[in-house]
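Chain naming here is simple, since letters A, B, ... match the order of the sequence lines and numbering starts at 1 in each. Heavy-atom basis, side chains included; hydrogens, waters and symmetry copies ignored.
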Amino acid sequence: MSKKGYLYRYLLLIKKLKMNPYSSFEELQRYIDQQCTYLLLQDDRLSMGFSKRTLQRDIREIRMLFGLDIAYSHAQRGYHICESSAENRNFQRMMEAFDVFNSLNLAQDLAPYLHLEQRSAQGTEHLYSLLHAIKNRRCITFDYRKFWDETLSQRHLEPYALKEFKSRWYLLGKDIRDGRIKRFGLDRLTRLKISENRFVYPEDYNVQQSQRYCFGIMGATGDQPQEVVLSFVPFQGNYIKTLPLHPSQEILVDTSDELRIKLTVYPTQDLLMELLSYGPRLKVLAPEELVAQVKQAHQEAFNRYGI
DNA sequence: GGTATAAGTAATGAGCTGGA
DNA sequence: TCCAGCTCATTACTTATACC
């Protein structure tokens, strides 16, 4: 089966268990078959059903690739997504992306009714190959052009995970040259090759844990995560309540005058840029260093107008 | 350049055992 | 009784090579 085929099956399994928790093996098998017919998938092997043994392997791979735990309940006589996983925001986001993908697949003749955002290539053509390399523990090589540097450099990497931030995809992995875990934007990556060399996935590496206090793509700065307190005007606060800035977001005050929230994150440049984008609709209350940085940036912007 | 074939690799299923 | 997890054999797919 193609790489696309089995990844598709993983996502269909997750979707079925999300809609109908405690589905039996036979129900899962029937659903995959129906969806393949409905979506007119060309992969014959995918539409031929699959065995229990394959389902067991899929559950293991889904746990590894997506961080979702699927278990069998003897009491309910069916498979289900464990509660802690079902609340995972990444899981929700992934399923939304899957739905969009399916809809666009079906809507190829409906171009007159779709108005898509015009933007440059995001490097998503590498997603399948990279997921395949991560799943099969294969080292990769590619050419990379840094955002601030036009020269190309060849990289040798142990790929560990993929991360999305602001509609862009990033690869997380260990640079074999210096042993450090780094991030690479997929849109700046070319000549990707999956090598024959295998690597051992580090037991102590957990992508959810490593990104827990990160805002954006930049990793831990070496500092401890800080408590960032932000005060939004009510209008902006409504957006922030429906689209939280970070999984750690807690509401401290919610009145007709302000929405005050607390985040626990590393104070990165990505965070600063995000806070500045809210302009006068946001006041940073803590920590002091971040307040000073935001003040300085606004002052410099003010000075540029020569007022 | 296109096609046929071989070899290597990945995905899968069958059958078995252990455990809840 | 049924599921999880293991080994091993089979099948499908991919890639390289030879030939026309």
Side-chain angles (χ1 to χ4, degrees), chain A residues 1-86 88 91 94 98 101-102 105 124-143 154 156-162 171 173 176 189-203 206:
Chain A
M1 186 188 294
S2 66
K3 285 173 269 185
K4 184 177 172 179
Y6 63 70
L7 287 170
Y8 220 93
R9 194 181 60 226
Y10 296 166
L11 291 168
L12 285 172
L13 284 171
I14 295 168
K15 189 168 185 179
K16 170 67 176 170
L17 292 176
K18 185 188 170 196
M19 290 187 303
N20 304 102
Y22 305 109
S23 297
S24 67
F25 169 71
E26 287 74 21
E27 287 170 330
L28 291 171
Q29 199 177 33
R30 212 175 305 129
Y31 178 75
I32 298 279
D33 201 43
Q34 285 170 351
Q35 287 299 302
C36 290
T37 307
Y38 174 63
L39 295 171
L40 303 174
L41 287 187
Q42 300 301 311
D43 197 322
D44 291 339
R45 291 293 306 274
L46 190 59
S47 59
M48 277 167 55
F50 60 102
S51 69
K52 276 190 180 177
R53 183 69 192 100
T54 300
L55 174 64
Q56 288 167 10
R57 288 190 183 106
D58 288 354
I59 289 172
R60 191 186 61 190
E61 295 300 328
I62 288 168
R63 185 178 301 132
M64 191 202 84
L65 280 174
F66 305 126
L68 285 180
D69 280 326
I70 294 172
Y72 183 83
S73 164
H74 287 275
Q76 304 283 345
R77 300 175 70 84
Y79 294 89
H80 68 285
I81 297 170
C82 299
E83 274 186 29
S84 56
S85 297
N88 186 335
F91 161 73
M94 184 177 68
F98 182 53
F101 174 74
N102 278 342
N105 252 357
T124 50
E125 69 272 21
H126 301 306
L127 282 176
Y128 277 123
S129 298
L130 289 171
L131 276 173
H132 178 74
I134 294 168
K135 176 177 178 288
N136 291 290
R137 314 288 200 245
R138 295 293 191 113
C139 295
I140 57 172
T141 61
F142 56 86
D143 289 344
Q154 192 176 48
H156 302 270
L157 210 74
E158 292 180 1
Y160 292 165
L162 292 163
L171 169 66
I176 294 173
L189 183 155
T190 53
R191 284 166 38 94
L192 171 67
K193 286 183 187 165
I194 299 174
S195 131
E196 293 297 310
N197 300 333
R198 291 177 182 274
F199 66 89
V200 178
Y201 201 93
E203 288 181 9
N206 178 313

Peer 1: With a 3.5 Å distance limit and no angle check, can you tell me whether H80(A) reaches the backbone of S23(A) through a side-chain donor-acceptor pair?
Peer 2: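 Answer holds: no.
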Peer 1: Under 4.0 Å between a side-chain N/O of K52(A) and OP1 or OP2 of dA4(C), yes or no?
Peer 2: no
Peer 1: In whole Å, I'd like the distance from the CZ atom of F25(A) to the P atom of dC3(C).
Peer 2: 10 Å
Peer 1: Using only side-chain N and O atoms of Y79(A), determine if any of them is under 4.0 Å from OP1 or OP2 of dC2(C).
Peer 2: no
Peer 1: To the closest 0.5 Å, what do you measure between CD1 (I81(A)) and CD1 (I14(A))?
Peer 2: 6.5 Å
Peer 1: Nearest whole angstrom, please: distance from the P of dC2(C) to the OH of Y72(A).
Peer 2: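 Value for this atom pair: 8 Å.
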Peer 1: Where the side chain of R57(A) is concerned, which of dC2(C), dG5(C), dC8(C) is the nearest nucleotide?
Peer 2: dC8(C)
Peer 1: Within less than 4.0 Å of OP1 or OP2 of dA4(C), is there a side-chain N or O belonging to Q56(A)?
Peer 2: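 For dA4(C), OP1/OP2 do have a side-chain N/O of Q56(A) under 4.0 Å.
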Peer 1: Figure out the OH/C1' separation between Y10(A) and dT12(B), and round it to whole Å.
Peer 2: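 Distance, rounded to whole Å: 11 Å.
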Peer 1: Y10(A) and L12(A): side chain to side chain contact (heavy atoms under 4.5 Å, CB included), yes or no, with the steps?
Peer 2: CA-CA 6 Å; Y10(A) 296 166; L12(A) 285 172; over 6 Å; no
Peer 1: What I want to check is whether the side chains of E158(A) and Y160(A) have a donor and an acceptor closer together than 3.5 Å.
Peer 2: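 Yes, because at least one side-chain N or O of E158(A) sits under 3.5 Å from a partner of the opposite role on Y160(A).
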Peer 1: In this structure, how many angstroms lie between the C1' atom of dG5(C) and the CG atom of D58(A), rounded?
Peer 2: 14 Å
